[in-house]
There are 2 protein chains.
Amino acid sequence: MRLSGGVESALHCCVALTAADGPVPAARLAELHGVSATYLAKQLQALSRAGLMHSVQGKSGGYVLTRPPAEITVLDVVEAIEGPRPTFVCTEIRQRGPLAASPDACTTPCVIARTMTAADRAWRAALREVSIADLRTAVGEEHDADALPRIGDWLRAPLP
Amino acid sequence: MRLSGGVESALHCCVALTAADGPVPAARLAELHGVSATYLAKQLQALSRAGLMHSVQGKSGGYVLTRPPAEITVLDVVEAIEGPRPTFVCTEIRQRGPLAASPDACTTPCVIARTMTAADRAWRAALREVSIADLRTAVGEEHDADALPRIGDWLRAPLP
DNA sequence: TAATACTCGGATAGATATTGTCCGAATCAA
DNA sequence: TTGATTCGGACAATATCTATCCGAGTATTA
């Protein structure tokens with residue numbers, strides 16, 4: 001079970017956008033983070049479709065967070081990138097084979113499905129606890145005080 | 001992020017093996033559960049490599065659990081099938097690009113990696129809480145009292 | 001007002017991981 | 001000793017993820 005690599009880029013972008021006050025193009029975010037511009041664009045599209053960002057077209061366009069950073073959780077970003085698929089899908093093995101259980105006895109999920117679902121819930125709950133604002137605060141505390149403002153300035157500055 | 005489908009089969013096999021007292025061939029476990037025999041063999045090999053099962057070759061061979069069911073957790077099975085890879089790998093984006101953080105300031109994992117790791121821990125903790133014995137008990141309670149013994153008899157019986 | 005340069009968006013190839021299959025080596029029972 | 005039966009690792013097919021391209025649309029700017 002591996003998480004898509006795009007999640008990491010997407011989260012970094014969200015944090016960076018909290019330092020900018022205007023729209024930031026995808027190409028600029030890609031350069032800031034040293035990642036593939038064309039591929040990052042795909043992730044940002046997903047965040048836009050999920051309603052976490054608003055895209056502005058045209059000459060000085062780009063992406064802007066639609067909500068305050070405190071109202072965007074890490075789970076929101078993960079689900080936007082990964083899609084709505086659950087981590088575990090029960091194929092009802094108990095209803096197959098020569099000793100299959102009768103459908104009447106299978107109205108509730110089997111214990112294996114319940115166990116996997118509970119673990120999935122714990123995982124999502126942990127991700128929901130943390131907001132983009134929390135990430136921003138931690139980044140601010142772990143680096144020089146002018147680190148985030150410098151990112152904001154760099155994002156705002158025109159290309160050379 | 002999707003869990004390998006083989007995990008479901010592997011867990012069902014572990015529960016079934018608690019009802020059998022001797023070695024059970026992979027082909028028989030596959031028939032019981034109505035899944036591909038050749039593919040299930042792959043999962044059982046992984047469980048064997050992980051030390052959860054012991055394989056017996058030869059005419060009346062098969063697979064046997066090496067430990068009591070109470071000492072095998074669902075997490076053991078999941079990690080045996082999925083491999084030891086972590087769900088999230090940090091590529092140190094903070095150290096890339098024009099405003100890269102200095103390596104000196106990056107001795108500890110970044111807040112994004114910490115968040116993902118914490119969620120991963122919560123997921124694994126939930127899976128570690130449940131043992132194969134727990135699964136067996138739940139299955140026994142949710143079906144007729146003779147369901148598990150019948151599985152044991154069927155596994156033991158010679159092929160027609 | 002019209003041209004223009006810059007933006008996103010979806011459709012399109014390549015790489016990687018997962019799923020599914022096969023046959024040979026080893027083993028135990030007869 | 002024979003022989004049937006088992007596991008084990010090597011081999012394709014498929015699905016998913018990664019990476020890329022070019023066209024549609026829009027605010028700027030002359």
Side-chain angles (χ1 to χ4, degrees), chain A residues 1-10 13 17 20 22-31 33-64 66 78 80-85 87-89 91 155 158-159, chain B residues 1-10 13 17 22-31 33-64 66 78 80-89 91 155 158-159:
Chain A
M1 183 165 89
R2 198 172 113 243
L3 207 57
S4 164
V7 171
E8 187 186 5
S9 310
C13 285
L17 283 180
V24 180
R28 184 144 273 228
L29 286 168
E31 191 190 350
H33 294 122
V35 300
S36 158
T38 52
Y39 185 44
L40 182 65
K42 215 170 174 44
Q43 320 301 342
L44 295 172
Q45 281 172 33
L47 294 175
S48 179
R49 264 194 298 268
L52 303 180
M53 293 183 178
H54 175 64
S55 68
V56 181
Q57 282 200 338
K59 188 153 187 174
S60 62
Y63 288 97
V64 194
T66 50
V78 169
I81 301 293
E82 290 285 304
R85 285 180 322 183
T87 60
F88 179 83
V89 285
T91 62
L155 289 174
L159 287 156
Chain B
M1 182 165 88
R2 196 173 113 243
L3 206 58
S4 164
V7 170
E8 186 187 6
S9 311
C13 285
L17 283 180
V24 181
R28 186 145 271 230
L29 286 168
E31 191 189 351
H33 294 123
V35 300
S36 158
T38 52
Y39 184 45
L40 182 64
K42 216 170 172 46
Q43 320 300 341
L44 295 172
Q45 281 173 33
L47 295 175
S48 179
R49 264 194 298 269
L52 302 181
M53 294 182 177
H54 175 64
S55 68
V56 181
Q57 280 199 339
K59 190 153 186 173
S60 61
Y63 288 96
V64 194
T66 51
V78 170
I81 301 292
E82 290 285 304
R85 284 179 323 183
T87 60
F88 179 84
V89 285
T91 62
L155 289 174
L159 286 157

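Nothing here was measured: the structure is a model prediction, and the numbers come from that model.
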key: Any donor-acceptor N/O pair, B:Glu8 side chain to A:Thr91 backbone, under 3.5 Å   =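 Pair found, side chain donor or acceptor close to backbone of A:Thr91.
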
task = Keeping the roles fixed (side chain from B:Thr66, backbone from B:Gly51), state whether a donor-acceptor pair exists under 3.5 Å.
result =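 Checking the backbone N and O of B:Gly51 against the side chain of B:Thr66, a donor-acceptor pair under 3.5 Å is found.
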
inquiry  = Heavy atoms only, 4.0 Å cut-off, all strands: where does A:Ala27 land among base, sugar-phosphate and nothing?
reply    =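 If one applies the 4.0 Å heavy-atom cut-off, A:Ala27 turns out to touch nothing in the nucleic acid.
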
inquiry  = Taking any heavy-atom pair under 4.0 Å as a contact, classify B:Ala26: base, sugar-phosphate, or nothing.
reply    =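 Here B:Ala26 touches the backbone only, sparing every base.
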
task = May I have the step-by-step check of side-chain contact (heavy atoms from CB on, under 4.5 Å) for A:His33 and A:Ser9, ending in yes or no?
result = CA-CA 8 Å; A:His33 294 122; A:Ser9 310; over 6 Å; no

Heavy-atom side-chain contact between [X] and [Y] under 4.5 Å:
X       : Y       : answer
B:His54 : B:Ser48 : no
A:Phe88 : B:Arg2  : no
A:Leu17 : A:Val64 : no

Using nucleotides 18-21 of chain C, report all nitrogen or oxygen pairs with the protein that are shorter than 3.5 Å.
{"residue": "C:dT18", "atom": "OP1", "partner": "B:Arg85", "partner atom": "NH2", "Å": "2.7"}
{"residue": "C:dT19", "atom": "OP1", "partner": "B:Gly5", "partner atom": "N", "Å": "3.1"}
{"residue": "C:dT19", "atom": "OP2", "partner": "B:Ser4", "partner atom": "OG", "Å": "2.8"}
{"residue": "C:dT19", "atom": "OP2", "partner": "B:Tyr39", "partner atom": "OH", "Å": "3.2"}
{"residue": "C:dT19", "atom": "O5'", "partner": "B:Tyr39", "partner atom": "OH", "Å": "3.4"}
{"residue": "C:dT21", "atom": "OP2", "partner": "B:Ser36", "partner atom": "OG", "Å": "2.9"}

query = Any side-chain N or O of A:Arg49 under 4.0 Å from OP1/OP2 of C:dG10?
reply =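 A:Arg49 to C:dG10 OP1/OP2: side-chain N or O found under 4.0 Å.
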
message = Set out, in order, the CA-CA distance, both residues' side-chain angles and the distance that settles side-chain contact (heavy atoms from CB on, under 4.5 Å) for B:Val24 and B:Tyr63, then state yes or no.
response = CA-CA 5 Å; B:Val24 181; B:Tyr63 288 96; 5.9 Å; no

request  = Locate the shortest heavy-atom distance separating A:Pro23 from A:Gly62; write the atom from each residue and the value.
outcome  =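 What the structure gives for the nearest pair is CB-N, 3.7 Å.
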
Show me the protein contacts with nucleotides 23-30 of chain C, counting only N or O atoms at under 3.5 Å.
{"residue": "C:dT27", "atom": "O4'", "partner": "B:Gln57", "partner atom": "OE1", "Å": "3.2"}

Atom-pair distance ([atom1] on [X]; [atom2] on [N]), nearest Å:
X       : N      : atom1 : atom2 : result
A:Leu29 : C:dC8  : CG    : C1'   : 13 Å
A:Leu44 : C:dT7  : CG    : P     : 13 Å
B:Gln45 : C:dC22 : CD    : P     : 15 Å
A:His54 : C:dC8  : NE2   : P     : 12 Å

